[in-house]
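In what follows, a single structure is set out as structure tokens and then discussed.
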Amino acid sequence: MRLNVAGRRSVLVTGGAGYLGSVTCARLIECGYRPVVLDDYSNSHPTVIERIARLTGEPVRCIRGDVRDGALLDDLLAREAVVAAIHFAGLKAVGESASRPFDYWDVNVGGTLSLLRALDRAGVRRLVFSSSAAVYGQSQQLPLAEDSPQAPANPYGHTKLAAERVIADVAATHPDWAAACLRYFNPVGAHPSGLLGEDPRGVPNNLMPYLAQVAVGRRKALTVHGNDYPTFDGTGVRDYIHVLDLADGHIAALRHLQTNPGVHCFNLGTGAGHTVLQLKAAFERACGHALAYRIGPRRAGDVAACVADPTRAREVLGWRATRDLAQMCADTWRWQRMHPAGYPD
Ligand code: NAD
Ligand code: UD1
């Protein structure tokens with residue numbers, strides 16, 4: 001077992017300054033790990049690292065750099081005795097992935113390859129990977145289990161599926177390799193302290209940050225993308241999962257990999273679906289006022305409903321999501337109220 005000076009197991013966290021990575025770093029520290037962050041800050045702020053330290057009372061080691069830089073990774077892995085890596089670093093905007101396919105394939109697949117290569121060279125053969133429900137695409141059957149058909153509907157989803165494939169092929173080369181591909185459904189919410197949350201650049205693409213910006217007065221009204229879907233109220237159904245539950249899923253996966261080599265895929269979702277209007281109503285209860293909205297046309301590429309079957313994660317990892325929609329909205333609102341304009345620059 002490789003331990004650092006303080007006797008804590010160090011874990012390399014690529015993209016650890018981002019939305020999901022930052023909250024996971026805080027949870028890692030609370031659970032006795034020592035995160036070593038690698039981030040190029042292309043979609044985050046250095047101040048996040050200070051906040052994780054403030055929140056946990058632990059200094060956080062952060063190296064600024066690109067996960068595609070193999071020499072940097074070699075150097076980092078030679079200096080820091082890490083036992084595993086969690087790979088969050090990536091590009092995640094579905095719409096943008098169609099207009100920037102080179103960048104998405106380069107960062108999401110090239111970045112994963114680069115990390116795998118360096119980990120293999122260093123003999124650190126344990127990886128938790130940020131995958132997505134986007135690998136399933138337009139599936140007819142709900143809820144989605146890990147063996148549901150995979151047919152990504154956009155370049156982003158293709159890159160996540162390809163990265164999963166690369167991980168499986170590399171893992172097959174050495175019996176020590178243990179990897180978990182975690183397929184996130186719709187992560188929302190913020191750290192309950194209000195110190196860490198989602199801070200999208202420009203106009204938010206996703207529903208929860210958009211609602212939060214309407215609530216705080218940064219946007220006039222939500223546009224609901226279609227109300228003629230075959231769902232409870234005609235609006236799209238998604239499986240929203242609290243970012244802290246998601247972070248706990250990573251801790252559970254890390255523990256599982258300690259004794260279970262091979263590649264394992266898990267859905268991280270709640271198993272419950274909510275419509276756009278249900279989420280809006282829940283947010284109104286959290287913020288205490290009505291949110292303006294209008295009904296617009298369907299958004300290209302959207303599915304009517306996307307809900308996880310999280311049975312495997314419960315049975316194999318002993319993990320399940322515990323936080324409900326009210327808590328997701330309350331925590332998002334606390335974060336947004338405390339940071340109406342996002343993280344200070
Ligand atoms: P984010 O953009 O907030 O975080 C990603 C972090 O990676 C950022 O801090 C960014 O600066 C960093 N980064 C990007 N490219 C890099 C590179 N080449 N080298 C080093 N660092 C780099 O995104 P997030 O919401 O925290 O998502 C994290 C991961 O989870 C991504 O891989 C994303 O595809 C995946 N995911 C996210 C969601 C979601 O809804 N947020 C859903 C499914 C999957
Ligand atoms: C999107 C991505 C998915 C990614 C996820 C998390 C697509 C097709 N899918 O999921 O791959 O993993 O984000 O980053 O983009 N909505 C509105 N108004 C808005 C925004 C959204 O009505 O302003 C609706 C959508 O139509 C959908 C629901 O809210 O029904 C959720 O949308 P969103 O938060 O963007 O997530 P997904 O589309 O599920």
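Only a predicted model underlies this, so the values are computations on that prediction, with no experimental measurement involved. Every number for a ligand or one of its atoms is a count from 1 in the order of the listing.
Residue-to-ligand polar distances keep M208 apart from ligand 2: every N/O pair is separated by 3.5 Å or more. Here's the thing with Y210: none of its N/O atoms is less than 3.5 angstrom from an N/O atom of ligand 2. Close N/O approach between T223 and ligand 2 is found [any backbone or side-chain N/O within under 3.5 Å]. The shortest N or O to N or O distance between N154 and ligand 2 is not below 3.5 Å.
With hydrogens left out, the protein atom closest to atom 39 (O) of ligand 2 is R238 NE, 2.5 Å, a heavy atom. For atom 10 (O) of ligand 2, the closest non-hydrogen atom on the protein side is N186 ND2, 3.9 Å. Of all protein heavy atoms, the one closest to atom 15 (N) of ligand 1 is S42 OG, 3.6 Å. Of all protein heavy atoms, the one lying nearest to atom 2 (C) of ligand 2 is V94 CG2, 3.4 Å. Remark: minimum distance from atom 26 (O) of ligand 1 to any protein heavy atom is reached at L20 N, 2.8 Å.
Of all the atoms in ligand 2, the ones that sit under 4.0 Å from a non-hydrogen atom of S132 are 12 (O).
Side-chain atoms of D331 and H242 form a donor-acceptor pair, as typed in the model, at a separation below 3.5 Å.
Using a 4.0 Å cut-off between heavy atoms, S131 contacts ligand 1 through its backbone alone, with no side-chain atom that close. Within the 4.0 Å heavy-atom criterion, the part of Y156 lying near ligand 1 is the side chain and not the backbone.
Contact between Y240 and ligand 2 is present, with at least one heavy atom of the residue lying under 4.0 Å from the ligand.
In this comparison of T24, D39, I241, the heavy atom closest to atom 8 (C) of ligand 1 sits on D39.
Checking V224, T275, V276 one by one against D233, the side-chain contact (heavy atoms from CB on, under 4.5 Å) holds for a single residue, T275.
Sorted by first and then second residue, the ring pair (Phe, Tyr, Trp, His ring centres under 6.0 Å) pairs with a member in residues 160-193 read Y184-H250; sequence neighbours excluded. Among residue pairs with one or both ends in residues 41-64, those qualifying as ring pair (Phe, Tyr, Trp, His ring centres under 6.0 Å) are H45-Y343; sequence neighbours excluded.
Checking side-chain atoms of N154 against main-chain N and O of A98 turns up no donor-acceptor pair under 3.5 Å.
We find that K160 and E164 are not joined by a salt bridge, their nearest charged nitrogen and carboxylate oxygen being 4.0 Å or further apart.
Between H256 and F266, the angle of the ring planes goes over 60°, which puts this pair in the perpendicular group of the 30/60° scheme.
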